[in-house]
K.L.:
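Got a structure here, written out as structure tokens. Questions coming.
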There are 2 protein chains.
Amino acid sequence: MSVTIKKIAKDLDLAVSTVSKALRDSHEISAETKARVFEHAAKLDYIPNPYASSLKKGRSGNIAVVLPEVADSFFSAAINGIDSVAHEKGYHTMVYLTHEDIQREQSIVREFRNGRVDGVLMSIVANNAKYEHLRELCASDVPLVFFDRVCEDIPTASVITNDFESGYIAAQHLIEKGCKYIVFLSMPGELAIIKHRQNGYQQALQDHGMEPRIIYCTDREEENIAVIDKLLTGEHKPDGIIGSIEKITIPVYTVCHSRNIPIPSAIKIIAFSHLQIAALLNPPLTTIAQPAFEMGKAAATILFKTLAKKYDLKEEKIVIPSVLMMRASTHTD
Amino acid sequence: MSVTIKKIAKDLDLAVSTVSKALRDSHEISAETKARVFEHAAKLDYIPNPYASSLKKGRSGNIAVVLPEVADSFFSAAINGIDSVAHEKGYHTMVYLTHEDIQREQSIVREFRNGRVDGVLMSIVANNAKYEHLRELCASDVPLVFFDRVCEDIPTASVITNDFESGYIAAQHLIEKGCKYIVFLSMPGELAIIKHRQNGYQQALQDHGMEPRIIYCTDREEENIAVIDKLLTGEHKPDGIIGSIEKITIPVYTVCHSRNIPIPSAIKIIAFSHLQIAALLNPPLTTIAQPAFEMGKAAATILFKTLAKKYDLKEEKIVIPSVLMMRASTHTD
DNA sequence: TGTTGATACGAAAACGGTTTCGTAAATAAC
DNA sequence: GTTATTTACGAAACCGTTTTCGTATCAACA
């Protein structure tokens, strides 16, 4: 069995409480005894049992990160940001994937109320408007911070990017490049970030006297290819496309390549994406790049701030702006 | 405070032990009592405290996944595979990032010996040959399964792909496409998978009477760009390149684009990569695609098999073959 | 000399479950 | 009618820590 405080106490002929205090560097214990304890603990390679102390202290030293998907450059970069601060604080990171499944999200979140994690960082699933599980989580005193995909109905802290403005900028960029008919590839559901991007797009088109058109994609790639193929080969073809999420990029490019639709001459494309490799696509893809790492870092920082003192989460709303990365899919030089 | 077994027992005028057994569906408890307990537990929304039961049972219900990096298509897909089986088994997944830092890996792994996790899935860092921490982990009865980046000095289970053969196939493919001078972009350090890919490459070249050349990259992108730029603009330029890891793709393409070196006519490129988007690069990149999801799934499956019964990890070595995805970076039609 | 006050440590009660063991009552076996 | 066995439950120990409280020792002070 593993070496415990009891073992150390017995070896050194001390009480368990004395050893415990010595290890926590309590002022109650003499320097001499501390030295003996530390030395012997090191010799035996003592590692405290995290469950015993979690049970007693009511803190786990874990945080949860709940995401729809990890195979997405935004989320993986956000994890990096989160982990960078969690590691620094000595916390452990538990990752939960929802795969855009609301039931899975619910069952995951429900379990958090028992103290397995001290706090939760979360990007919610699309495709739903049920927030009872999130409300219950907040009610049970587990601090919750949203990042990117926030739920605006829950009064807690969040870290987002300037989605409305980014949608506006994306549309404006296409308009400046001469597009006359710009389609917005959206996602069904109630996702605030999509709504805001879409609203920004609509506002930009309205400001320029143009008619918006929204097309909804799913998370099944073949369906998206079919929908986009129909769009790009039907009558009244668009000359500009805004992809509201990263995943939509692949089907759009795939269709353009297979149908020999030249980018950017026949159609200009811009996507919300964090992909590094966008610059190497054929042609290089213009993106609205979200500050993924920074957003994860900011969200984690807020969480630890509340964990440290009783800081009020409800006030904090951080907005970190996205950046337009202009490349050849919208631009000829 | 949160609702405990004690509370339920008191409400129902039962002993704590009775409630505990009822909740675990013990045969010692009558159907009637069980029904009462379950009903009341549901009504109070009882969630068991994971630390109390972990402490007593000596199992945490957590597994650790230790990776160099999450912003890599192989590792993110592997996490998906791991999570799919962990979730099915009711386990929780803790993710640890080493960022290729051996000291970080050591401190992470050392902590596992106290029972915070019941088992470890791991891809080791490059750049080192120190395995003492891994040996200690194994010695302390925490089951360890390697995937992809295995440490061959540690006698435990592993899931890998056919690296030697893949290296051979990659080289052979380039030779078949007419390359006369093929460079292998390697990584410094002791990583077995790199060695094997490299050996496969060397064997292929030797079999065709060609002279191998290895160039070592780092994990700093600017350095790699400088090295590759020097290679592709110097005298005695290669007409074929094999990238041993995914990250090397970006600098290679970047240099070719900036120096106007046409792919595949002047140089053919093949990379070990799991990137979906490789098909959309300019030109589409030929890859040796590893079965990332399946490898993660297989590794997790082995781990849970040992967790269930005392199954001997040391025997299991699973090899899941990679697939050559032929695309335009090595191939003109 | 008696009182205070540190100082340094020990005993024991938690934390919230699980598990072993004991036992009363009911039933079965002889 | 006595003994054996099953059924259904309770009491208490235990997992490894933390924390509160008690106390013995010794110096300091009046």
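These numbers were taken from a predicted model, which means no experiment stands behind them. Naming: A, B, ... by sequence-line order, numbering from 1 per chain.
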K.L.:
Establish, with yes or no, whether the OP1 or OP2 oxygen of D/dT18 is under 4.0 angstrom from a side-chain nitrogen or oxygen of A/Tyr51.
P.N.:
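It does not, given that no N or O in the side chain of A/Tyr51 lies less than 4.0 Å from OP1 or OP2 of D/dT18.
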K.L.:
Centre-to-centre under 6.0 Å for A/His40 and A/Tyr46, is that the case here?
P.N.:
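No - the distance between ring centres of A/His40 and A/Tyr46 does not fall below the 6.0 Å cut-off.
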K.L.:
CD of B/Glu28 versus C1' of C/dT20: gap in Å, rounded?
P.N.:
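Roughly 9 Å, once rounded to whole Å.
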K.L.:
Ignoring hydrogens and angles, tell me if any N or O in the side chain of A/Asn114 forms a donor-acceptor pair with the backbone of B/Pro48 under 3.5 Å.
P.N.:
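Yes, the answer is positive, given that a donor and an acceptor are paired below the 3.5 Å cut-off.
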K.L.:
Among C/dC9, C/dG16, D/dG10, find the nucleotide with the atom closest to the side chain of A/Ile29.
P.N.:
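The closest nucleotide is C/dC9.
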K.L.:
Considering every strand and a 4.0 Å limit on heavy-atom distances, what is the contact class for B/Ser53: base, sugar-phosphate, or nothing?
P.N.:
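Sugar-phosphate: the residue B/Ser53, judged by heavy atoms under 4.0 Å, touches backbone atoms but no base.
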K.L.:
Take atom NZ of B/Lys34 and atom P of D/dT7, then tell me their distance rounded to the nearest Å.
P.N.:
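The distance from NZ of B/Lys34 to P of D/dT7 comes to 12 Å, rounded to the nearest Å.
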K.L.:
Considering only D/dT17, C/dG17, C/dG16, which nucleotide approaches the side chain of A/Ala52 most closely?
P.N.:
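Output: D/dT17.
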K.L.:
Carefully, step by step, assess B/Tyr96 and A/His87 under the rule side chain to side chain donor-acceptor pair (under 3.5 Å).
P.N.:
CA-CA 9 Å; B/Tyr96 294 87; A/His87 187 259; over 6 Å; no
K.L.:
Classify A/Ser54 by what it touches in the nucleic acid, base, sugar-phosphate, or nothing, heavy-atom distance under 4.0 Å.
P.N.:
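A/Ser54: no heavy atom of the nucleic acid under 4.0 Å.
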K.L.:
Tell me: CG of A/Leu23 to P of C/dC9, nearest whole Å?
P.N.:
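It works out to 13 Å between those atoms.
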K.L.:
Atom CG of B/Asp25 to atom C1' of D/dA8: distance rounded to whole Å?
P.N.:
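Taking CG of B/Asp25 and C1' of D/dA8, I get 15 Å after rounding.
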K.L.:
Provide, to the nearest angstrom, the distance between the CZ atom belonging to B/Arg116 and the C1' atom belonging to D/dG16.
P.N.:
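Rounded to whole Å, this separation is 14 Å.
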K.L.:
Return the value, rounded to whole Å, for the distance between atom CG of A/Leu55 and atom C1' of D/dT19.
P.N.:
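About 13 Å, once rounded to whole Å.
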K.L.:
Can you tell me if the side-chain N/O atoms of B/Arg24 get under 4.0 Å from OP1 or OP2 in C/dG17?
P.N.:
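Answer no for this pair, as no side-chain N or O of B/Arg24 is under 4.0 Å from OP1 or OP2.
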K.L.:
Under 4.0 Å between any heavy atoms, over every strand shown, what does B/Ser20 touch: base, sugar-phosphate, or nothing? Just pick one.
P.N.:
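Contact class for B/Ser20: base.
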K.L.:
Name the closest nucleotide to the A/Leu14 side chain, picking from C/dG10, D/dC15, D/dT17.
P.N.:
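It is C/dG10.
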K.L.:
Counting the benzene-type ring for Trp, do A/His274 and A/Phe75 have ring centres under 6.0 Å apart?
P.N.:
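No; A/Phe75 has its ring centre 6.0 Å or more from that of A/His274.
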K.L.:
Can you say whether a donor on the side chain of B/Ser30 sits under 3.5 Å from an acceptor on the base of D/dA8, or the other way round?
P.N.:
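Answer is no: no donor-acceptor pair is held.
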K.L.:
Hey, which of these two, B/Lys6 or A/His27, hits DNA chain C nearer its 5' end, going by closest nucleotide?
P.N.:
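Going by which nucleotide is closer to the 5' end, it is A/His27.
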K.L.:
I need the NZ-P distance between B/Lys57 and C/dG16, as an integer number of Å.
P.N.:
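Checked: the NZ to P distance equals 17 Å.
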K.L.:
Taking all non-hydrogen atoms of both residues into account, name the closest pair between A/Arg113 and A/Leu137 and its distance.
P.N.:
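Of all heavy-atom pairs spanning A/Arg113 and A/Leu137, the closest is CG-CD1, 4.0 Å.
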K.L.:
Ignoring backbone atoms, establish whether B/Thr4 has a side-chain N or O less than 4.0 Å from OP1 or OP2 of C/dC15.
P.N.:
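For C/dC15, OP1/OP2 do not have a side-chain N/O of B/Thr4 under 4.0 Å.
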K.L.:
Touch check for B/Asn114, heavy atoms < 4.0 angstrom, all strands: base, sugar-phosphate only, or nothing?
P.N.:
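B/Asn114: no heavy atom of the nucleic acid under 4.0 Å.
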K.L.:
From C/dG17, D/dG10, D/dT19, pick the nucleotide closest to the side chain of B/Thr18?
P.N.:
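The closest nucleotide is D/dG10.
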K.L.:
Does a side-chain heavy-atom distance below 4.5 Å link B/Arg59 with B/Tyr91?
P.N.:
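Touching, per the 4.5 Å side-chain cut-off.
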K.L.:
Taking atom C1' of C/dG17 as reference, at what distance in whole Å does atom CD1 of B/Ile8 sit?
P.N.:
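Nearest whole value for this atom pair: 12 Å.
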K.L.:
Scan A/Ser17 against the nucleic acid and name what it touches under 4.0 Å (heavy atoms): base, sugar-phosphate only, or nothing.
P.N.:
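Here A/Ser17 touches the bases of the nucleic acid.
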K.L.:
Just checking A/Lys21: base, sugar-phosphate only, or nothing, at a heavy-atom cut-off of under 4.0 Å?
P.N.:
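Base, at least one base atom sits under 4.0 Å.
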